[in-house]
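Quick notes on the structure that follows.
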Number of protein chains: 2
Amino acid sequence: MVKMVKRASRAELSLGRGPAKGRARRAGPPPANNRASKQTIRCENVARILEAAEAVFATKGFSGATTAEIATRAGIPKPNLHYYFRTKQALYRAVLDDILALWLDATASIVAEAEPADALRRYIEAKMAYSRTRPFASKVFANELLHGAPAVKGFLGGAMKRLVDDKAKVIEGWITAGRIAPIDPYHLFFVLWAATQTYADFDCQIAAVLGKKKLGPTDFDRAGETVATLILRGLRLKV
Amino acid sequence: MVKMVKRASRAELSLGRGPAKGRARRAGPPPANNRASKQTIRCENVARILEAAEAVFATKGFSGATTAEIATRAGIPKPNLHYYFRTKQALYRAVLDDILALWLDATASIVAEAEPADALRRYIEAKMAYSRTRPFASKVFANELLHGAPAVKGFLGGAMKRLVDDKAKVIEGWITAGRIAPIDPYHLFFVLWAATQTYADFDCQIAAVLGKKKLGPTDFDRAGETVATLILRGLRLKV
DNA sequence: GACCATCTTGACCATTTGGTCAAGATAGCA
DNA sequence: TGCTATCTTGACCAAATGGTCAAGATGGTC
């Protein structure tokens, strides 16, 4: 329920010119040898392309990214990239699909039974870890939103809205039970997202203001600590 | 000291092919008639182009924006745009210069003598107002940061860093004086920026999650109230 | 080994787009 | 009324880029 699109089906959607039609890629025993089987080739190439694409889309934006650069970064010729992903748009969608799944996962800790302080702290940690370890993913998503979310509007108003509605109810429950101070649950989430993702999306600004070349693990630790402190105190919880 | 570049000098930097060299545009008496003088023409056209460019850069990004679209939106032919701004890059820089000035202004309320709660609340209001009234500006800036700030890296590590160093000292003073609870002043600012700008930069996400078509004034009010509440409580201040 | 589906790649093309040019229009001034 | 500097614009160009093609290579299977 959390994973939007499974890897296999995502790849399926973006298949190239002559991919296995029908019920190819059966679940049967994998080829005995561990050398490049057809299946492995496709998997590896798709993965390599997606990784390269995420990086290039993150740093250049959709329009600024060129399929040539993505192909080079993936270590393959451009026509080969277009074999796996017919169009730049399709490749972009595939990259986004990966990211959306990630995005939803982080809320796992927000459940009614949890201790609010623990749950929120864990959520902040998770989002902050995501900013540290997957900055490109965060940037691609940010870029998409910045330009009006043409490709993920449906997701935002659908799966994401439902998830947040859900989690907002949990927060409201905590408020009603007097476990945290009153706050608008939706805007609480918006602030949490903003405060954590800013360290991925706008890292260069933060680094520059801190007088560093790049953000290091200690910066992220300190950031997470600060955000958690502000939020927990902001909800009148023991820090 | 707050305004980075004054309008006049900014225009100067981006002059087109054959603009008044030397000490043109003297401060002397303006042309008697209030009809289109040469000076007025330039001013109006530059302003119209900058406005159009801000909107297009905001919605399309730098690479996605075309000078043709900007020109159309400004109501002039493309070569005319290139007469005032030699290159797309120069136009982009001019748009950014405008934005950077705006950016710095908002911190005015953060001064040692102020009441922390008032000062912070006012700062949040100011940033939130900026998100509501100048969403395009915020988005252009966000986009620039997202892509590594190629055009404003100098500003970030220079004027902005100095300003924040300054304001961080004010915050530290408040902490030392026991007027607010301890917090990392830099990260406090990062959270404040993120929490307020998110309403401009990622408005479509917030609107979608709230189940609205667009964010209205009441949404911004509620957002500002929530952010202020969280932050003030987070610093153990009376809300 | 032969046949097929999948994968690879150099060469190529149509479109988009930033930017130019040169001729003409317009304001300001003596 | 000329004369100059500034402004305007249709036509045009070179480069970049998304995407295609067709021929060849490679793994899988009988």
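All of these numbers come straight from a predicted model, not from anything done at the bench. So that the names make sense, note that chain A is the first sequence line, chain B the second, and so on, each numbered from 1.
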Discussion item. Please tell me if B/Arg42 has a side-chain N or O lying less than 4.0 Å from either OP1 or OP2 of D/dC7.
Written reply: yes

Worksheet item: Does the side chain to side chain contact (heavy atoms under 4.5 Å, CB included) test come out yes or no for B/Leu146 and A/Thr59, once each step is laid out?
Response: CA-CA 7 Å; B/Leu146 208 48; A/Thr59 47; over 6 Å; no

Worksheet item: What nucleotide, of C/dG18, D/dT20, D/dT8, holds the atom closest to the side chain of B/Tyr83?
Response: D/dT8

Worksheet item: For the pair made of CD in B/Gln89 and C1' in C/dT17, what is the distance, rounded to whole Å?
Response: 15 Å

Worksheet item: Of the nucleotides D/dG18, D/dT9, C/dT8, which has the atom closest to the B/Asn80 side chain?
Response: D/dT9

Discussion item. So for atom CD, which belongs to B/Glu51, do other residues, nucleotides or ligands contribute more than 12 heavy atoms lying within a distance under 6.0 Å?
Written reply: no

Item to complete: Check each of A/Lys139, A/Arg132, A/Lys213 against A/Asp203 using the salt bridge (charged side-chain N to carboxylate O under 4.0 Å, His left out) test, and report the only one that passes.
Response: A/Lys139

Item to complete: Please tell me if the side chains of B/Phe141 and A/Gln205 come closer than 4.5 Å, counting only heavy atoms from C-beta onward.
Response: yes

Item to complete: Would you indicate which nucleotide in D/dT8, D/dT20, C/dC7 comes nearest to any side-chain atom of A/Tyr84?
Response: C/dC7

Filtered N/O pairs between nucleotides 11-14 of chain D and protein, under 3.5 Å:
none

Item to complete: For residues 62-78 of chain B, pull every pair meeting side chain to side chain donor-acceptor pair (under 3.5 Å), keeping only residues two or more places apart or in separate chains.
Response: B/Lys60-B/Glu69

Worksheet item: Is the Lys NZ or Arg CZ of B/Lys167 less than 6.0 Å from the centre of B/Phe189's six-membered ring, within 45° of the axis?
Response: no

Practice prompt. For C/dT8, take OP1 and OP2 only and decide whether either is under 4.0 Å from a side-chain N or O of A/Asn45.
Written response: yes

Fill in: Test ring pair (Phe, Tyr, Trp, His ring centres under 6.0 Å) applied to A/Phe202 - qualifying residues, sequence neighbours left out
none

Worksheet item: Which residues satisfy the salt bridge (Lys or Arg N to Asp or Glu O under 4.0 Å) test with B/Asp165, sequence neighbours excluded?
Response: B/Lys161

Worksheet item: Nearest-Å distance, NE2 (B/His82) to C1' (D/dT6)?
Response: 19 Å

Set out, line by line, the N/O atom pairs under 3.5 Å between protein and nucleotides 13-15 of chain C.
none

Practice prompt. Mind listing the residues from residues 61-74 of chain A sitting with a heavy atom below 4.0 Å of DNA chain D? Number order is fine.
Written response: A/Ala65, A/Thr66, A/Thr67

